[in-house]
**Q** 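Mind looking over this structure? Questions follow.
Please read these numbers as outputs of a predicted model, since none were measured by experiment. Naming convention: chains lettered A, B, ... in sequence-line order (proteins, then strands); numbering from 1 in each chain. The figures that follow rest on heavy atoms only: side chains count, while hydrogens, waters and symmetry mates do not.
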Number of protein chains: 2
Amino acid sequence: MSQTVDRALSILPLLAEGPADLGQVADRLGVHKSTALRLLRTLHEHGLVYRQSDQRYRLGARLFALAQEAMENLDVREIAHPHLVRLNEQCGHTVHLAVYEENEVLYIDKVESRYPVRMYSRIGKPVAITVAAVAKLLLADLPEPERRALAEKLDYPMYTPRSTPNAEAFLKELAKVREQGWATDLGGHEESINCVAAPIRGADGRVVAAMSVSAPNVVVTADELLTLLPLVRRTADAISGEYSGRTPVHHPDKDTP
Amino acid sequence: MSQTVDRALSILPLLAEGPADLGQVADRLGVHKSTALRLLRTLHEHGLVYRQSDQRYRLGARLFALAQEAMENLDVREIAHPHLVRLNEQCGHTVHLAVYEENEVLYIDKVESRYPVRMYSRIGKPVAITVAAVAKLLLADLPEPERRALAEKLDYPMYTPRSTPNAEAFLKELAKVREQGWATDLGGHEESINCVAAPIRGADGRVVAAMSVSAPNVVVTADELLTLLPLVRRTADAISGEYSGRTPVHHPDKDTP
DNA sequence: ATGAGCGTTGCACTAAGCGCAACGCTCCTG
DNA sequence: CAGGAGCGTTGCGCTTAGTGCAACGCTCAT
């Protein structure tokens, strides 16, 4: 809607691919160098873009700070985290937390027992929306027209033979998920990985987030993983309770409606 | 430099504080509502801003994705990471990696043995620049005029009695650090925490990053921590070597100049 | 030395962003 | 239930603010 801002913001994903010099930026934006320069300077002043020693531009530091602040303000995440950790301690598998936003599902937290480091490796990246168990839960709760519109707009990549093939199958799956109140992904994204997921609901009953437990076939079979469903659902419900019946800061009361 | 973009970008830190509605944004920007609306819409289209169900605006998802991509492209970090992990395994303490950018020093990686989770809790946040050991190393390497200018512009909060009190003391400390090629922070940020740090240098010898080992007094005394200095320096040098003598992707040759 | 390639600057032009005022909606309130 | 306050939204005329051009200056390679 606003040309100048639009152009400026288009620079960011472009730089995310890697550093670029003024000419490259100008070319890819389709504007004159002087224009690109002014845009970059403005981004620079706000710290979103950094000029490295070889004069090329990179994404800047403030971006991290912003992303982090944004994250901290996601209160579902804050509330859920200790529960996810506890669940992880109990079952030992990878635990994910995801939300729906703007036609995308993205992980906002992850606890992985085996590899304690680099846990942000996937956080923030969009999820394979047509197959992930958490995605099914989040989409299943969308209002009918929106859900249908989205389902028809999506691509259905066949990650594996068991991936959701098309919109029709997906909508059917969503209906089932909506009905039963939980979801699975049995090898639909990666051949040997299974997940069970449960929804986290706000005070109004709408699904605000979803959590899942994932494990490779070699560790537990799909059937064994399903055994964990009650535990996963209990955890999700505990988070739901805390999230919906929340007193802003202190006062950890529980069962006040 | 570019008014429109400038205004649009000013919205981001504002929203980082928490969700806000159109009126609030317009007020704090000092522009008419219609103007704010157009800016927000543009930000929205680019996914930097999200509109939650109560119509208020939040920072959006793409921000995470961008920050993450930017991070992955920071090749120092990628190269350094395994070394940091190894060092952590050897000494058991918290290991940090930091870079200087635009008058700020920020952590870009962290390995913490005791608490495997939430490791991004501080990554991306600016460092206490006047006291942190890594900050000293990074600032000590700046060209003289820039270093002086920055030192005089900084605030010198007294986190503890041993914090750097003013520009003069800081510059003196930086000179010492520059001379000896390593740095410490002995209770300058938090009373009971000590750090030793060493620089990571690029092919041209300039400091591109700094790493540190931190531990609380209760675990090891400052003197004991200093014992680790050779190990820290060796790790830093190993990273420097790999970083400067790099063949772009594969070919892990080492000593070709 | 010479020139190619890059970032940078000042300027005239006009498109693009601006604020205004009016509209429509939802949600309180009397 | 009618009235009104408070919010987001829209269309429009005014003019500011962003644009592209062309010329400059710098750094490197030849």
Side-chain angles (χ1 to χ4, degrees), chain A residues 1-15 17-60 101-102 143 145-146 202-206, chain B residues 1-15 17-60 101-102 143 145-146 202-206 244 257:
Chain A
M1 271 251 126
S2 170
Q3 192 193 64
T4 318
V5 178
D6 188 47
R7 284 171 172 172
L9 297 182
S10 303
I11 294 177
L12 297 177
L14 191 154
L15 288 185
E17 297 169 17
D21 62 35
L22 179 61
Q24 294 167 351
V25 172
D27 280 355
R28 291 199 49 184
L29 279 188
V31 299
H32 195 271
K33 281 187 303 176
S34 57
T35 304
L37 180 65
R38 221 154 0 93
L39 298 176
L40 280 166
R41 279 225 256 256
T42 312
L43 289 168
H44 179 89
E45 273 169 22
H46 285 259
L48 298 185
V49 144
Y50 173 59
R51 191 139 199 211
Q52 40 186 215
S53 41
D54 62 351
Q55 295 231 103
R56 293 190 306 166
Y57 294 92
R58 282 197 97 306
L59 291 183
E101 183 175 316
E102 217 75 18
E146 200 177 333
D204 54 359
R206 296 221 32 194
Chain B
M1 272 249 124
S2 168
Q3 191 194 66
T4 318
V5 178
D6 189 47
R7 285 174 172 169
L9 297 182
S10 303
I11 293 178
L12 297 178
L14 191 155
L15 288 185
E17 296 168 19
D21 63 33
L22 180 61
Q24 294 168 348
V25 172
D27 281 355
R28 292 198 47 184
L29 278 187
V31 298
H32 194 271
K33 281 187 302 176
S34 57
T35 305
L37 180 65
R38 224 154 357 95
L39 298 176
L40 280 165
R41 279 226 256 254
T42 312
L43 289 168
H44 179 87
E45 274 170 22
H46 285 259
L48 298 185
V49 144
Y50 173 59
R51 191 138 200 212
Q52 41 185 218
S53 41
D54 62 349
Q55 294 232 99
R56 293 190 306 165
Y57 294 92
R58 280 197 96 312
L59 290 183
E101 185 175 319
E102 218 77 14
E146 200 177 333
D204 54 359
R206 296 221 32 194
S244 51

**Q** If you look only at distance, which donor and acceptor atoms sit under 3.5 Å apart when one is on a side chain in residues 35-43 of chain B and the other is two or more places apart or in another chain?
**A**
from	atom 1	to	atom 2	distance (Å)
B:T42	OG1	A:S2	N	3.2
B:T42	OG1	B:R38	O	2.8

**Q** In whole angstrom, give the distance that lies between atom CE of A:M1 and atom C1' of D:dT10.
**A** 10 Å
**Q** Please list, one pair per line, the donor and acceptor atoms closer than 3.5 Å that link side chains of residues 3-13 of chain B to other protein atoms, with sequence neighbours excluded.
**A**
from	atom 1	to	atom 2	distance (Å)
B:D6	OD1	A:H46	NE2	2.5
B:S10	OG	B:D6	O	2.7

**Q** Looking only at heavy atoms, what is the nearest atom pair of B:V49 and B:Y57, with distance?
**A**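 Reported closest heavy-atom pair: CG1-CD2, 3.6 Å.
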**Q** According to a strict under-4.0 Å criterion, is A:R41 in side-chain N/O contact with OP1 or OP2 of D:dG18?
**A**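 Negative; the distance criterion is not met.
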**Q** If we fit an axis to the first five pairs and another to the last five of the helix from C:dA1-D:dT30 to C:dG30-D:dC1, what angle do they make, to the nearest 10°?
**A**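 The two end axes of the helix from C:dA1-D:dT30 to C:dG30-D:dC1 meet at 30°.
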**Q** Locate the shortest heavy-atom distance separating A:Y50 from A:H44; write the atom from each residue and the value.
**A**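 Looking at all heavy atoms of both residues, the shortest contact is CA-ND1, 4.4 Å.
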**Q** Please identify each residue that fulfils salt bridge (charged side-chain N to carboxylate O under 4.0 Å, His left out) with B:R51, with sequence neighbours left out.
**A** none
**Q** Roughly, in whole Å, what's the span from CZ in B:R56 to P in D:dC7?
**A**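 Going from CZ in B:R56 over to P in D:dC7 covers 13 Å.
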**Q** Rounded off to whole Å, could you give me the CG-to-C1' distance for the B:D21 and D:dT9 pair?
**A**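 After rounding, the gap between these two atoms is 14 Å.
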**Q** Got a sec? Which of residues 3-10 of chain B come in under 4.0 Å of DNA chain D, heavy atoms?
**A** B:Q3, B:T4
**Q** Pull out every residue in residues 26-40 of chain B that has a heavy atom closer than 4.0 Å to any atom of DNA chain D, ordered by number, or say none.
**A**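 Output list: B:K33, B:S34, B:L37.
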**Q** How would you summarise protein contacts on nucleotides 25-30 of chain D per nucleotide, using B for base, S for sugar-phosphate only and - for none, with heavy-atom distances below 4.0 Å?
**A** ------
**Q** Which atoms of nucleotides 11-14 of chain C (N or O only) lie under 3.5 Å from a protein N or O atom, and what are those distances?
**A**
none

**Q** Do any pairs count as a salt bridge (Lys or Arg N to Asp or Glu O under 4.0 Å) and have a residue in residues 18-33 of chain A, sequence neighbours left out, and if so which ones?
**A**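 Non-adjacent pairs meeting salt bridge (Lys or Arg N to Asp or Glu O under 4.0 Å): A:E17-A:R28.
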**Q** Grab the two heavy atoms, one from B:P19 and one from B:Q24, that are nearest each other, plus how far apart they are.
**A**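 Heavy atoms of B:P19 and B:Q24 come nearest at O-OE1, 4.3 Å.
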